[in-house]
Amino acid sequence: MRRVLILGGTGEAIAIARMLHDEMADRVEAISALAGVTQSPAPIPGTVRIGGFGGVDGLAEYIQAERIDVLIDATHPFAAQMAGQVHAAAERTSTPRLKIIRPMWRRNPRDRWIEVPDLAAAAATIPRVEARRVFLTVGGRSLQAFEDMPGVWFLARMTDAPPSPPPLANADYVVARGPFQTDAEIALMRTHAIDLLVAKASGGAATEAKILAARALGILTVIIRRPPSPRGDAVADAEGALAWLNRLLEG
């Protein structure tokens, strides 16, 4: 029985855990590791560990102490620090590692994209384009980058309820978990008269509805480029991860 550590609470991570539970339970014991940032994560089959590891040293110690045979890094595309730590811990312990890298959305000629390198550049773009009603889909922990913008109203979507006081005073909050439907995203943007969408380039079909909605409505979209991923084996989705793991176990 091989022990597989799946890192991340993304849709891909959950799908991998379910596949291992349904299709490889006789050969694999899956352990899902969540950072604990989300207050109410989706249900995951198998063993679930919540909390950080304490950097590269802590993760390497956990791999050795728990006799982990395989690492699957399914963390969010913007979790660059964690991805680097997983890569370093895998090399230190000589543990096979796979990275899930979502395909980026394909840009359409109808898209009105402004690509920027980071959150600060995204925030600086808002006054430059004279946006007044902005839909933020950057995650709750990134909202502080958009403070101190008089004359701008935000609609901020989060997976958990905002704290009190909320990060942005000049905002309404939508608490929801994807995947979202394009028609619903179009209705949301129309209802709130959105004139600018801000999104991280997370990619993947589950998060594309907002991009398709902005395209349909002709809404200007600020796309924050994703950080580079560490080198090594990579696949696009849960099905690819299962195939990779099967090859590894049979090799």
Strictly distance-based, threshold 3.5 Å: is any side-chain N or O of Thr95 a donor or acceptor partner for the main-chain N or O of Leu71? no
Could you tell me whether the side chain of Asn246 reaches within less than 4.5 Å of the side chain of Arg27, counting heavy atoms only? yes
Has Gln181 got more than 12 heavy atoms of other residues, nucleotides or ligands less than 6.0 Å from its CD? no
Lys/Arg cation over aromatic Tyr62: Arg49, 6.0 Å, 45° cone: yes
Quick check: do Arg2 and Leu245 have side-chain heavy atoms less than 4.5 Å from each other? no
Cation-pi between Arg157 and Phe180: NZ/CZ under 6.0 Å from ring centre and within 45° of the ring axis? yes
One pair to check against side-chain contact (heavy atoms from CB on, under 4.5 Å): Glu23 and Leu242. What are the steps and the verdict? CA-CA 9 Å; Glu23 303 179 33; Leu242 195 69; 3.2 Å; yes
Looking at Ala131, is its backbone amide N or carbonyl O close enough to the side chain of Asp195 to form a donor-acceptor pair, meaning the two atoms are under 3.5 Å apart? no
Please answer: with hydrophobic residues joined when any side-chain heavy atoms are less than 4.5 Å apart, are Met158 and Val174 in the same cluster? no
If you round to the nearest 0.5 Å, how far is CD1 of Ile14 from CD of Glu12? 9.5 Å
Measure the OG-CD1 distance between Ser32 and Ile72 for me, rounded to the nearest 0.5 Å. 9.5 Å
Same cluster or not: Ile224 versus Trp113, using hydrophobic residues (I, L, V, M, F, W, Y) connected whenever any side-chain heavy atoms lie under 4.5 Å apart? no
Take Ile101 and Val235, measure what side-chain contact (heavy atoms from CB on, under 4.5 Å) needs, and give me the verdict at the end. CA-CA 6 Å; Ile101 302 179; Val235 296; over 6 Å; no
Does the side chain of Asp160 come within less than 4.5 Å of Val175's, by heavy atoms? no
From CG (Leu188) to CG (Asp183), nearest 0.5 Å: 12.5 Å
If you round to the nearest 0.5 Å, how far is CZ of Arg102 from OG1 of Thr10? 6.0 Å
Go through the side-chain N and O atoms of Thr221 and Lys210 and say whether any donor and acceptor fall under 3.5 Å apart. no
Do the side chains of Leu248 and Leu98 get nearer than 4.5 Å, heavy atoms only? no
Student check: side-chain heavy atoms of Leu212 and Ile186 closer than 4.5 Å: no
Decide yes or no for Thr137 and Val198: does some side-chain heavy atom of the first lie under 4.5 Å from some side-chain heavy atom of the second? no
If every non-hydrogen atom of Ala121 is compared with every non-hydrogen atom of Thr125, which pair is closest and at what distance? O-OG1, 2.8 Å
Show the nearest heavy-atom pair for residues Ile44 and Ala17, with the distance to one decimal. CG2-CB, 3.6 Å
How close do Ala213 and Met189 get, heavy atom to heavy atom, and via which atoms? CB-CE, 3.9 Å
Return the CE to CZ distance between Met149 and Arg132, rounded to the nearest 0.5 Å. 11.0 Å
For Met82 and Leu7: C-alpha separation, side-chain torsions, deciding distance, then whether side-chain contact (heavy atoms from CB on, under 4.5 Å) applies. CA-CA 9 Å; Met82 186 63 195; Leu7 298 118; 3.5 Å; yes
Which heavy atom of Ala123 sits nearest a heavy atom of Ala145, and at what distance? CB-O, 3.3 Å
Using modelled atom types only, decide if a donor and an acceptor are shared between the side chain of Asn170 and the backbone of Trp153 within a distance under 3.5 Å. no
More than 12 heavy atoms of other residues, nucleotides or ligands under 6.0 Å from CD of Gln81: is that the case? no
With a 4.5 Å cut-off on side-chain heavy-atom distances among I, L, V, M, F, W and Y, is there a chain of contacts connecting Leu249 to Ile16? yes
Derivation and outcome, side-chain contact (heavy atoms from CB on, under 4.5 Å), residues Arg225 and Val116: CA-CA 6 Å; Arg225 300 187 195 103; Val116 297; 5.7 Å; no
Assigning hydrophobic clusters by single linkage (Ile, Leu, Val, Met, Phe, Trp, Tyr; side-chain heavy-atom cutoff under 4.5 Å), is Phe78 placed with Val138? yes
Quick check for you: to the nearest 0.5 Å, what is the distance between Lys200 atom NZ and Leu136 atom CG? 11.0 Å
Checking the side chain of Trp105 only, and the main-chain atoms of Gly204 only, is there a donor and an acceptor separated by less than 3.5 Å? yes
Between Ile223 and Met104, is there a side-chain heavy-atom distance shorter than 4.5 Å? yes
Would you sort out whether Asp69 and Arg3 count as a salt bridge (Lys or Arg N to Asp or Glu O under 4.0 Å), showing the intermediate values? CA-CA 5 Å; Asp69 298 295; Arg3 307 194 84 197; over 6 Å; no
Atom of Pro162, atom of Pro167 and distance for their closest heavy-atom approach: CB-CD, 4.2 Å
Within the distance-only criterion (no hydrogens, no angle test), does the side chain of Asp111 pair as donor or acceptor with the backbone N or O of Arg107 below 3.5 angstrom? no
Any donor and acceptor pair, going by atom type alone, linking the side chain of Arg226 with main-chain N or O of Ser202 inside 3.5 Å? yes
Validation row: Glu147, Leu168 side chains within 4.5 angstrom (heavy atoms): yes
Over 12 foreign heavy atoms within 6.0 Å of NE2, His192: yes
For atom CD of Glu66, decide whether the heavy atoms of other residues, nucleotides or ligands shown that lie under 6.0 angstrom number more than 12. yes
Do Trp244 and Met19 share a hydrophobic cluster, counting only Ile, Leu, Val, Met, Phe, Trp and Tyr and linking them when any side-chain heavy atoms are less than 4.5 Å apart? yes
